[in-house]
Structure formats: structure tokens, C-alpha cells
Amino acid sequence: MQSHAKVVIIGGGMMGVGLAYHLAEEGWKDVVLLEKGELTSGSTWHAAGQCPSFIGNYNMAKIHHYSNTLYPRLEEITGQPAGWHGCGGIRLATTQEEVDWFRYVAGFSANVGFHMEIIGPDRIRELNPWIETDGVLAGAYTNMDGHVDPSSACNAMAAGARQMGATIIRHTRVTDINVLPSCEFEVMTDRGNITTEHVVNAAGCYAREVGKWVGVETPITNMEHQYLVTEPLKEFQNIDFELPVMRDPTTAGYYRQEQKAGLVGIYEHYGSREAWAGRGGFPEWDSDNEIFEGDIDRIAPWLEKALERMPIFANAGIRRIVNGAIPHTPDGNPLVGPAPGLRNFWQCCGAAIGIAQGAGTGKYLAQWMVHGDADINMHSIDPRRFGEYANPDYTRAKSFDDYENMFETPLPGREIHAARPNRVTPLYEPLKAKGAIYTEVYGWERPKYFAPEGFEEKLQYRRNNLFDLVAEECRTVREHVGIMDLSSFAKFDVSGPGAQAFLDQLTANKLPKRAGGINLTHVLSDGGRIQGEWTITRLGDDRFYVLSGAGTERQTLDHLNFAAGDDVTVANVTDDYGMLVVAGPKARDVLSPLTDADLTNGSFRWLSGQEITVAGVRVRALRVNYVGELGWELHAPMEELATLYDAIWAEGAAHGIADFGAQAVNSLRMEKGYRGYGGELTNEITLIETGCERFYAPDKGDFTGRAATESVRDMGIITKLVYGEIAATDCDIYGGEAVMQGSEVVGVCTSGGYGHATGKSLAFAYVELDKTDGLEVVILGERRALTLLSEPVWDPTNARQKA
Ligand SMILES: Cc1cc2nc3c(=O)[nH]c(=O)nc-3n(C[C@H](O)[C@H](O)[C@H](O)COP(=O)(O)OP(=O)(O)OC[C@H]3O[C@@H](n4cnc5c(N)ncnc54)[C@H](O)[C@@H]3O)c2cc1C
């Protein structure tokens, strides 16, 4: 076995092999994949092989779609059969909310590139003559997908990888990994060691154990999942077509034709089981091709429903039951990207539908590893979206929920209550008592909105009964003053003699010159793509306070830690400081009596920060906010947050103070035209496409991503971010909706919302540069005019913030 490699991939299932193939295709030939058994001897070999195009997340849909375009071509490319069945798929809807979800997904399908049609029961029966459609309102028909034989497809990709120069070594188990002083890795196996620059953990159900060797927490839980195959059916003997793969929420599963037999798989809602639960959820190292005893009773209630839908299956005997293990993550998406805290250690695991995802995740992870950036937004699969809070107990509870809800319609506003609350501030209970309904962000409980007792949100894609509640919260902020616990922000103290030079090199904007100055700035990759958005306050000559969005705590920490030299100290103070936003025209009137500090413009200007005392609590007061009003963010010691809140609330009573939540923030920031990280600002684009040139200072000297950004600016861009008003009536933009010019798709919406103070439905979108006239967006199946706006609809001169 060779002693050196550029990259070692641990695991020869669909995920590891998919990556090896695409790394080789991207030009990295010195790739070694190590598999302890045969290729596919983990979860991959016993998978049912379905590859749906239909998935509710725009970026995941790109991953699925890519797989569905590669698998049918694999035989031609590699000379090895891949077992592709292009029979298409139909997902059934029995409620109007589900039909709306179909319309939403159909809205982005054209953008992604797959064909999707919403069809009625008659057409469903034409495509599947044996199905009972009682109660079915519609089907989402995707004719470019189907199912694949997992072993054949995996082996065909392996053949392709070898043909392009990758090395695949079977029957070789990785037993440990050392991180060397050179930052390389020594990968130890039962057949010798390999020194390598990069390691990829594609170990499927073993991924948590592999991560442990290098101190990387890998939030997966291995779940048992069953499908059964019937005896051959006489009805299928002489047909010259294959049934589409059926997906059916009422049966919590899928059913399809398997050669001349039937196949039914169920994601049971209770009684679901962690695989190898008695052994901590972990298989033995020498277990290959392992399956568990079938347990029909566990899936019986849903199986019965499936058999009612496909009565011909009920008449056939069961030939075999496959009960195998699948890794699930807390949010159902795979872990694909850099592992937290360790440079050049990559995750490519946690895939619950890894047959559908193996090729696509391989392609985009390979781009990331080779070029420093992927061409799609990787935010929702980046392993760093989880922090230390995602411990095994948390992961187990969430993964169970994910497993049981695999076929649930992901309606907007649905909260997953498993493993909560997790990260809370001292205000969690008091605000709950005042009606706070929370959402979870990076383990934190964040107020979403405030509701009277007994209120229940009607979950749907269209505007719902939340509309008036959020309108009232927005009105308070616009007309009086609102208060919000936004402690979930990630917060870092960066200090030391080298701090200024360090941050200057790492970020695109100039650092504030004077103590108290605040700047918004971005972290870029070498290729100039956006990796983070930070607010930096200079606290002193060599002291800086760095803030980033809650979901990016781990990414920011890694950006800082990986680049910091000995003359810089980085402290993660996220849990040490709570943060209250106090915003609205009366904000100064409320805060002034509580502090000796002069809050007038002469002493405390907009975009500046000071360490002051408010209600006896020492705070870092920053005169900034994301809602576009006069206001302060007050960063206070966590243990004193409630004292501060109570004092502000008491003082605010005379000024009409009210609580507000994240739903209101979205409405308010849309009116101000504030871009969001992860939506508008992503790894897909540079600051030039986002129109953020004012936060970019090429004249300040060199910094990471400068040269690439300059070159994009000089060469010109092909898409740009636009902001506009939508002629919407009862539904606003979620993100992912197609932007059309006539019959042509010319862009995609990134986020949106209803501006309650202005009465406008607003959106951001990326559109082709020269195609900005006569635009429409597709909202829930209807085309609505998008009128571009050159400035924010609320306070374009920032007069209110400067007041
Ligand atoms: C019953 C069932 C039905 C399914 N149906 C579908 C479906 O229809 N569609 C779909 O998309 N997905 C389906 N899945 C899920 C799918 O099987 C998995 O998501 C996918 O196989 C995961 O691939 P992987 O490469 O991450 O893991 P695996 O296939 O488990 O590969 C990991 C590999 O790593 C190797 N390995 C681990 N540790 C080491 C080590 N230390 N050294 C060397 N090698 C190591 C293992 O031997 C294994 O081969 C199904 C799963 C089950 C159980």
C-alpha cells in the first residue's frame, strides 16, 4: 500500500465512492479510498435505491438532480452497468397544504433543472393502474428520476474513479488517525499507514467513531429502517412499462415495482429503533453487509395503509424483509464539508438518503475541496451548522424525530420539539410566560413571535393567522419601541498586538479606526466567495468585538482560530454575553433615564459602540440594528440579562414598549433591504454580485479573496442581486422561487417577506444581468410581477437610525 496520498477517504459506500469519483474528475488523482470490507458493504448494499428529484430544499434538490443526471449516464461513461430505472416518481397529497407545497417545489424545479408536474387522480391512475386514489388530491410527478441498483451504481462510480486515476483499496480497515505536527494526518490501517494532507470521513454508520479519533463530534444516530419485497405479481408479468416510485405521506413511506414484484418501505412513527441500540448505536468493526431481523409488527399500521393503496400487493406473499441501518442527523441533511475545529478533515456522511445524494454531494464536496468553494449554497449541509450542543443525546432525540417524519410535509413554521430547550438565556421562562413562541437556532431558543394564550399557528405556505400578530410587533418597533432577546448571536473577543493586522487580512472591509467604531465586513475565500458576515467593533487599540449570525458560531470560530498567530487571542464569548435589541423611535427615551451615558447623537453616533452602564449593568452598547430604527444592541453579562430587561421594560411602559420576535425582524429587515447571510450572501457568489461593494476596501492592502474579487469586478458579472416588490396577494417569498422573463427562467429568489409598515411583499433575487425587465416570480403556481426597486422601501436615507 502506498505511504503518501493527497487525500484519504474512509469508507466505500455511495458517499465515499461518489466523492472519489468527483475528486478524480476535478483533477485530484492522488486519492486513496479505503474500505474495510467490499465496496457497498455498509448501508449502501441493502438500500431500496430510490432517487427522488422532489425534495423541499432548493439546494438539496440540486444535489439530487445532479445524481439523477449522472446515474443514467454512468454505464456509458464507465462501461459498467449502473442499474438505473428511469421510471419517474409520484408523491401523493391528501391535503391542500401539501398541494401548496407541491406548487412551491414546482416553482423551483425549473430552476434546478428537473421536470415536475402536478397531476390529478386520473393521471395518477394512468401511470399506476393498480393504485387506489381515495382521498388523494394531487400527485407531484417527476419523470426524470426513478431508482437505481445501489451496488451497481456504486461500483460503476468506483470504476470511473479508478479510470480517472483514483486508488480504491478494499479489505483495509482504518484503525486510528494521528494529527501530525505538520498538520498532515497519519491514517493507520490494519495493512500499514498512509500520510495524507486531507482525510474524509465517509464511514457511514461508523462515522461517529471515526470522528472521535481526531476529536471531531459527528452528530449522527443510526436508525433501523425496513422495506419488504413481495412474491412476483401476475399483474406485472406482461407489462411493458415500469410503475413510477410512489411516495405517500398517509403510509409514511414508499412503494414501487421491484422487477416483477412489489416493494414497500415504511418510516414508522413510533416504535422506531436505533440500530445496535444495546451497543451504543454502533456496529462491530468486523460487521459487513449486516441486516437486522425483520419486524413487521412495528410497521404494520402504515403497511396496512400501503396495501390498501396497492391492493395487488396485499394478495402477494412476502418474499423478504430488509431491515438495515441508516445514519440520520438532527436536521435530516447529510454532513458534507469541513469538520468543525480541524483543518483538512472533511465529513461526507450522515446521509439518510445517500443513494439519491451520493453523486451530488460528491460533486459539490469535490469542488469545495479542490477549488475552495462549491457552486451551490452548502449552508444546509455544512457540518459546522451544529455545535457542541449537538451531543449524542440531542442527536438521538432529533434523529428519531427526523426518521419518523421523513414523509411529513415540511410546512413553514413547523417546530421540532425534540431535545428542547437546549441553549437558553435567563429570559427564556419569563418571556415564555409573556407568550413567546420560540424557534431553535444553533441550539438556542430564540423568540419567534409573541402570542396570546391558546393561540395556535395554522401551518401553511400562504399567509396565516400569524399575520396580524407580526404586524402588531412591527408596528410597535416602527412607531414606539420594541425589545428582543437576540442573545443567540455568535460573539468573539479578538485581542493582542497582532489583532488588527490579523483581522485586516481576514476581512474585506476596513477596520474601524477609532475605539468605538463599528464596521460590517465579510470573510472571503481565496476565490473571493463569501464565507461569513461579521460586525466588528473596535473596543481599543488591540481589542475587537466580533459578531456573526447564530448559525455561524462554529464557522466563525474556525475562521478565527485557523488564521490567528501567537500574537492574537481569540475568545468565544457567545455564552458569556446576552444581547437585547432595543429599537424604535422611542429607544433613546427609554434608555436615557437608565444610564449616565449621553445617548444623544453628539456623544453616541450611529454605527458606534461604547461600554456603558444601563440599569446598573455594565453593557457593550452598539448603536446598530437589523430593523432600521433608532436603537441599540445591549450586550450584557448573561447572568444580568434579566435585570437589564426588567428595567428597560419598566421604563418602556410609558413609551408603549412591546416584545418582538424573529418573524417581525424578517419583515422589518426586508423593508430596509438588508441582505441575510446564508440567503443572499453565500459561498456561491462574490461581493460584486451582491452589490456590497461599499463593504469592500481593495485600497486597504492585501486581504484574503482580494485578488479574486478584483478579477470578478474587472471581468464583469453575469448575475446580480436585485431587490423588489412582488404583486403577491396571499403568499410571500420563501426563497428558491423561479424568476421568469417570459418563458425563460432568468433567476431565483433568495428570501422575502411581507413588509407590514409599508404594505409590500418584498423579495431578494439573483437574476441574469441583462434580464431585468418584465420579471415575474412563480409563487405557489402563480406568476406574480416583480418590480425592481433601486432603494429600500423603508427609510432609504437611514434618517431614522441616525435620529
Ligand atoms: C432498508 C434501507 C433502504 C434504503 N433505501 C434508500 C433509498 O431508497 N434511497 C436512498 O437514497 N437511500 C436509501 N437508504 C439509505 C442509504 O442506504 C444510505 O443513506 C447510504 O447508503 C449511505 O451511504 P454511505 O456511503 O454514507 O454509508 P455506507 O454505505 O454505510 O458506507 C460506509 C462504508 O464505510 C466503511 N467503513 C466504515 N468504517 C471504516 C473504517 N474504519 N475503515 C474502512 N472502511 C470503513 C463501511 O464498511 C462502509 O462500507 C436506505 C437504507 C436502508 C437501510
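A salt bridge links Arg800 with Glu629: the distance from a Lys NZ or Arg NE/NH1/NH2 to an Asp or Glu carboxylate oxygen falls below 4.0 Å.
Contacts of Phe660 classified as ring-ring contact (aromatic ring centres under 6.0 Å, His included), with partners at least two apart in sequence or in another chain: none.
Gln500 and Asp542 share no donor-acceptor pair across their side chains, judged by distance under 3.5 Å alone. Side chains of Glu184 and Asn344: no donor on one and acceptor on the other come within 3.5 Å. The closest side-chain donor-acceptor pair between Ser488 and Arg446 falls under 3.5 angstrom. Thr218 and Gln347 share a side-chain donor-acceptor pair at under 3.5 Å. Counted by atom type alone, Arg669 and Ser751 present one or more donor-acceptor pairs between their side chains at under 3.5 Å. Donor-acceptor pairing under 3.5 Å is lacking for the side chains of Asn509 and Lys700. Using modelled atom types and a 3.5 Å distance limit, the side chains of His371 and Glu26 yield a donor-acceptor pair. For the residue pair Glu768 / Thr719, no side-chain donor-acceptor distance below 3.5 Å is found, with atom types taken as modelled.
A ring-centre distance under 6.0 Å is not found for Tyr66 and His64. For Tyr545 and His635, the distance between ring centers is under 6.0 angstrom. Aromatic rings from Tyr442 and Phe386 are positioned such that their centres are separated by 6.0 Å or more. Between His379 and Tyr677, the distance from one ring center to the other falls under 6.0 angstrom.
No more than 12 heavy atoms of other residues, nucleotides or ligands lie within 6.0 Å of CG in Asp541, so this atom counts as exposed by the packing criterion. Atom CD of Glu388 sits in a sparse spot, with 12 or fewer heavy atoms from other residues, nucleotides or ligands closer than 6.0 Å.
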Start with the C-alpha gap between Phe492 and Trp534, add the side-chain angles, then the distance that decides, and say whether side chain to side chain contact (heavy atoms under 4.5 Å, CB included) holds. CA-CA 10 Å; Phe492 304 87; Trp534 297 354; over 6 Å; no
Check step by step if side chain to side chain contact (heavy atoms under 4.5 Å, CB included) holds for Val336 and Tyr364. CA-CA 9 Å; Val336 181; Tyr364 295 112; over 6 Å; no
List the steps, then state whether side chain to side chain donor-acceptor pair (under 3.5 Å) holds for Gln555 with Asp382. CA-CA 9 Å; Gln555 291 170 22; Asp382 188 331; 3.3 Å; yes
Residue pair Asn572, Glu553: steps toward the side chain to side chain contact (heavy atoms under 4.5 Å, CB included) verdict: CA-CA 9 Å; Asn572 183 354; Glu553 181 179 337; 3.0 Å; yes
Given the rule in the side chain to side chain contact (heavy atoms under 4.5 Å, CB included) test, do Glu693 and Leu687 qualify, once you have shown the distances and angles that lead to the verdict? CA-CA 6 Å; Glu693 284 92 335; Leu687 288 172; over 6 Å; no
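Heavy atoms only, all atoms of each residue included: Leu721 and Arg675 are closest at CD2-NE, 3.4 Å. Taking each heavy atom of Gly755 and Glu671 in turn, the nearest pair found is C-OE2, 3.0 Å. Ala763 and Ile726 make their closest contact through CB-CD1, 3.8 Å (heavy atoms, listed as atom of the first residue, atom of the second, distance).
Ile416 has its side chain within reach of Lys398: a pair of non-hydrogen atoms, C-beta onward, lies under 4.5 Å apart. By the 4.5 Å heavy-atom criterion applied to side chains, Leu775 and Leu788 are counted as neighbours. With contacts defined as side-chain heavy-atom distances shorter than 4.5 Å, the pair Val739/Val745 does not qualify. Annotation: side chain of Lys672 is in contact with side chain of Asn798 (closest heavy-atom distance under 4.5 Å). Side-chain atoms of Val546 and Ser548, non-hydrogen and from C-beta on, never get closer than 4.5 Å to each other.
Using modelled atom types, one side-chain atom of Asn683 and one backbone atom of Ala374 make a donor-acceptor pair closer than 3.5 Å. Side chain of Asp558 to backbone of Gly341: a donor-acceptor contact under 3.5 angstrom is found. At least one donor-acceptor pair under 3.5 Å links the side chain of Ser487 to the backbone N or O of Met579. A distance-only check finds no donor-acceptor pair linking the side chain of Arg384 to the backbone of Pro340 [under 3.5 Å]. A donor-acceptor contact shorter than 3.5 Å links the side chain of Asn111 to the backbone of Gly747. Listed for the Asn59 side chain is no donor-acceptor partner under 3.5 Å among the backbone atoms of Ile63. For the pair Asn561 (side chain) and Ala564 (backbone), a donor-acceptor distance under 3.5 Å is absent. Within the 3.5 Å criterion, the main-chain N or O of Gly332 finds a donor-acceptor partner in the side chain of Thr329. In this structure, Lys491 contributes its side chain and Phe489 its backbone to a donor-acceptor pair below 3.5 Å. Side chain of Thr682 to main chain of Gly679: no donor-acceptor pair is present (N/O by atom type, distance under 3.5 Å, no hydrogens or angles).
The salt bridge (Lys or Arg N to Asp or Glu O under 4.0 Å) with Asp493 is formed by just one residue from the set Arg620, Arg538, Arg543; it is Arg620.
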Please list every donor-acceptor pair under 3.5 Å in which a side-chain atom of residues 707-715 meets a protein atom from a residue at least two apart or in another chain.
residue	atom	partner	partner atom	Å
Thr709	OG1	Gly705	O	2.5
Glu710	OE1	Tyr696	OH	2.6
Glu710	OE1	Arg713	NH2	3.0

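Using the six-membered ring where Trp is involved, Phe108 and Tyr58 have ring planes that are perpendicular, over 60° apart on the 30 and 60° scheme.
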